[in-house]
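Reading through the structure tokens given below for one structure.
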Amino acid sequence: MNGPRWMILFLSALVLTFAVWGILNILIDPFGVFGDVLLDWDAYSQTLNPRIGKITYLSAHLEDYDSYIVGSSSAASYLPETLEAYDGGKYYNLFHYGADIAYDKQLIGWLLANDDVKRIVLVLGLSEADTVFTAEDMTDRVHYSVSGEGRLGWYGDFLFAGPGYAAEKLISRLQDTEMPQAFDVFLPEDGTYDKRLRDAESIGAMDAYMQKNGGDFVPYTAVRELQYMTECVNTVGEIREMCDAAEVSLTVILSPVSAEQLQGYSNDTLNGYFTGLAEVTDYWNFSISSVTYDARYFYDTTHTRNAAANMVLARMYEAADAYYPENFGIYCENGYTVTAEWMKDAAGTAEQTAYTTNVPILLYHHLDPAAEEDGTVLHPDTFASHMALLRENGYTPVSFAQIIAYVEKGEPLPDKPVMITFDDGYLSNYEYAFPILREYGWCASVFVIGSSVGHYEYYKDTDYPLTPHFGGTEIAEMTASGLIEIQSHTWDMHQWAPYETGDTVRETIVPAEGEKETEYIAALLADIAAQHAVFSECGLAESTVLAFPAGQYTVLTNAVLVQHGYKVTLTADSTRENTLICGLPQSLLSLGRLNVAADITDAMLLAYCAEE
Amino acid sequence: VSVNGVQFLLFVGIAVLCYYRIPQKYRWIVLLTASAVFYAWNGLHALVYMGATVVLTFTAGLVLDRLVHAKPAGETPEEKKQHKKRLQKWKYAVLGTALGCNFLLLAVLKYSGFFVMNVNAAVGYALFTVPSFLLPLGISFYIFQTAGYLMDIQRGKYPAERNFAKYALFVCYFPQLVQGPINRYNALEKSLYDGNALDWTNIQSGILRMMYGILKKAMIADVLAPAVTEIYTGYTSYPGVLSFVGAALYCLQLYCDFSGGVDLLCGVSQLFGVRMAENFEQPYFAVSLADFWRRWHISLGEWMKDYLFYPLAFSAGFTKLTKKARAVLPAEIVKRITPCLCTVIVFLAVGIWQGPGWANIAYGLWNGFWMSLGLLWVPLSAKWKGALPKKRTFLMIWGILRTNLLVIIGRYFSHAPGGSLRHALGMLRHTVTAPGFASLKAEMFAGLGLQAGTAVQVVLSLAVVFMVSFAKEKGVDLREWFCGRRWYVQFVLLFAGLLLIVLGVYGNDAYTPIAYVYENI
């Protein structure tokens, strides 16, 4: 081969190399800028680069929205659906990684130019005034239509983006499951994080919370300045002017700040920021409150939980049926501002006991005057003596409806609350416990296994004898009293292995060995549906409380249950301190219970109630 | 500027196009211009140092040339002899001054910090502030190259270059600037100045060699570098055996870094039809340390041999020493005293060249010691070696292993952070006293940044390097083999190679280019 021909061969190979590279990026399209025809995976593109992913998504769906939430990842907790419920706006959350007020302004400019915008909610933290965002790689790039840069060069950069991005997307695809993972954590339809799993983690006592999550709370030890305060304030002022000129309603929220972050700034610094903002816009100041000093309202140092953001919105819209703390959020208008000192003082007056309560929960099973007492069988007299003991010691039983109302709405609970629960739904609960409770006028809950309801003799449709389980008639009578709540112990996920013939025996609600996530979710949903059917047959409302069979569960279990209307779940772990926290629904998950077995003495029972 | 960066490659492409577009006679001007641009691109301050060296050595070369060719004046033979002696003295004076100035500059820039630190340590307090200079790109390479040139002129080997611009090109020819090789004027002169006609074989070899160089540097050396640095600096946190692994990995890193850079730039030079000196010949296949040094950094070794070893060995001092030794020692030993001592001195110089720090001096002595021992060993081993069977594969493998062990141990010293001898010895002690084979785990390598994916990349690339080296060792001309394939085979191979390099290096966001180890030395 002669020289020029070889050169052509070489250059062709080089061109082919680049062609393969480009085609790889077009087909796999990790950033979703080429239409992502092959994998069609918006959640992935948004997770990789929310700035571009969201604009790409929004460009195709602008007509679905008229209101927008703008800010850094601290704005992620502000949910479009919650806002829509308050003011009817069709919201999209445009939050992005990294505090970057300059980008927020660009973004709002883009929104005003491209959509008939009604409302904009701008969520600020302290970081916007403390740092200037610097883009490091492709994951920080901005959509060309927002930045105004040349389209050709922009697409060229993505055409020849590192092949690592495409490789990563393919690997992620293989690992993808129904639930969100680190690589596909966004909900493209509303721009928020998919927190199904994250918000299904149970939260209780502070000690336990910090033991588990303390590492995420890095205190700002050295006192620092808000070094970009002027730039930040000026930009917010410009955003205000832009919105006013376009006659778009702009709400500015200074979001709750954690104590760990707050301690990095002096009162003077904070006051400078508060005053600066007041000079350029009316705004809500939620930065310092009792929430600040309770880490359970935060995911980490700089991110509030969805629950905390819900409280912010409840306060702003003065929602009647939602909890928010006192002295929470000050609306600063016409240049009015509060001082950091005042806010800290106001927050300090709120004791933790004002919004948290510990509730001991007792777990009973079968009552039988003829049998010997053991782990799950007690003599009815023993049960009666426990009730007397509780009354003597000043305990008042509360219902699940009450604790839910406490957490969701802050409705107070009586002093020394206690809960009485029964698992499985034995007829003996009706025969022996119900009369005693009626005598006391006390409430209790029974968790029934749907497939056993009304099975007085045999285990499901077999010939195996069974401890009698009550049926519709007893349910009707008990619920009519207003004292007994019937709740779920699963429909058929508490099977008795020796009596089962199927391939998969489910003794508890946790996934079977080797079961895929999708299969498990399908099985769980089928069980929930069957249970709803049983409840409906018995004239009961859909259950909102579930006691885990044998107390076992996974985070996924809670996630699926919460997604399908369950508000409280229960284990059989007596060491778990049940701290209910107003405004934090996760404090209702995986509550612990004391299994009151034959070996539990009166002293032990009282000790458990007192420790709780 | 990173020489395996896209900008540099584009720069080379433009220079090559210009080179072949203009009349042959003026082509060297393109090279000079490109070299000036390249050097200025790396920092203007460096241009001052280089300018000084060029002017000084150019002038010294002319003066020396004149002295070499001066006819001894005088009427009588006695007068002529006297004049010749005077000329000789002048020659040495001019050479000495020029070399002295150059090496003094190098010494000040490179070693003054080390020197002051030791003075401060000796007096016990900070007597002087420790100076620190930004070393100009490749300074020791061009100073060695010009020194060789002057000594050759002084020896009358060839006449001095009379065209200043052409001489400047010899010194600052850009492919040799980053890390050598140290070229000889008489070897380079013709192809550098005459203007080469377009020869496609050169273009083809140049491109292939550049690709090979980039593979070595970016796919192996730069990937190993962070892990090696971590092991060397934090060796106490790992089992001792990992220190050894680290030193062995450094051997691979350094080879791929140094020879990869040289391959890339020799390839670039070949695009202009200029063949630079070869610097490596599969050093890790060496069967003895002496063999290793014949294969490793060849141009430095040759330079040391011609301009340090021989002048020393034939100097008056050593002649006298040999004479005196003859009176007390057997002839067999006396014959080897001078080579042994000169070897130690040469390797001391090599150690010092590596950089400041006692560890580098120790590195020089370590090599010098084993090389001298080898010289003394030859007559003793010759007797029983002859008795060994003809088939010597085992002996060869043993030789290779033994040599590499010595080289690896040497790398404990030459790469000790800050040139600290204490650090090198500490790491060596850690290897021996706390090897901890049992605690060596795969996760440790992942923690060092060598996760499975990265490891596969390095191993694959090393396999390519091994195959190429093995073929070369067996005397196979791979370029010839490659060009003998059918066009589609060549196309597929080129495509595979380019895909590997383009996606693994230029398209890889995780890839961070690292400066060549010997770039600023």
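Because the structure is a prediction, the values reported are computed rather than measured. These values consider heavy atoms only, across backbone and side chains, with no hydrogens, waters or symmetry-generated copies. Residue numbers start from 1 in every chain, and the chains themselves are labelled A, B, ... in the order their sequence lines are given, proteins ahead of strands.
Neither the backbone nor the side chain of A:Phe160 comes within contact range of chain B; no heavy atoms are under 4.5 Å apart. For chain A, no part of B:Leu493 is nearby; none of its heavy atoms comes within less than 4.5 Å. When heavy atoms are compared at a cutoff of 4.5 Å, B:Leu198 does not approach chain A at all.
Residues satisfying the salt bridge (Lys or Arg N to Asp or Glu O under 4.0 Å) criterion with B:Asp477, sequence neighbours excluded, are absent altogether. Every residue two or more places apart in sequence or in another chain that forms a side chain to side chain contact (heavy atoms under 4.5 Å, CB included) with B:Leu460 is listed here: B:Val456. Residues meeting the side chain to side chain contact (heavy atoms under 4.5 Å, CB included) test with A:Ala13, sequence neighbours left out: B:Phe491, B:Leu494, B:Phe495, B:Leu498.
Heavy-atom pairs under 4.5 Å with chain A peak, among B:Gly504, B:Gly507, B:Ala496, B:Gly497, at B:Gly507. Interface remark: of the candidates B:Ile501, B:Val502, B:Ile203, B:Val502 forms the most heavy-atom pairs closer than 4.5 Å to chain A.
For B:Leu10, the CG atom is densely surrounded, since the number of other residues' heavy atoms within 6.0 Å is greater than 12.
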Can you list the donor-acceptor atom pairs spanning chain B and chain A that come in under 3.5 angstrom?
{"from": "B:Gln490", "atom 1": "OE1", "to": "A:Trp6", "atom 2": "NE1", "distance (Å)": "2.8"}
{"from": "B:Asp509", "atom 1": "OD2", "to": "A:Tyr165", "atom 2": "OH", "distance (Å)": "3.2"}

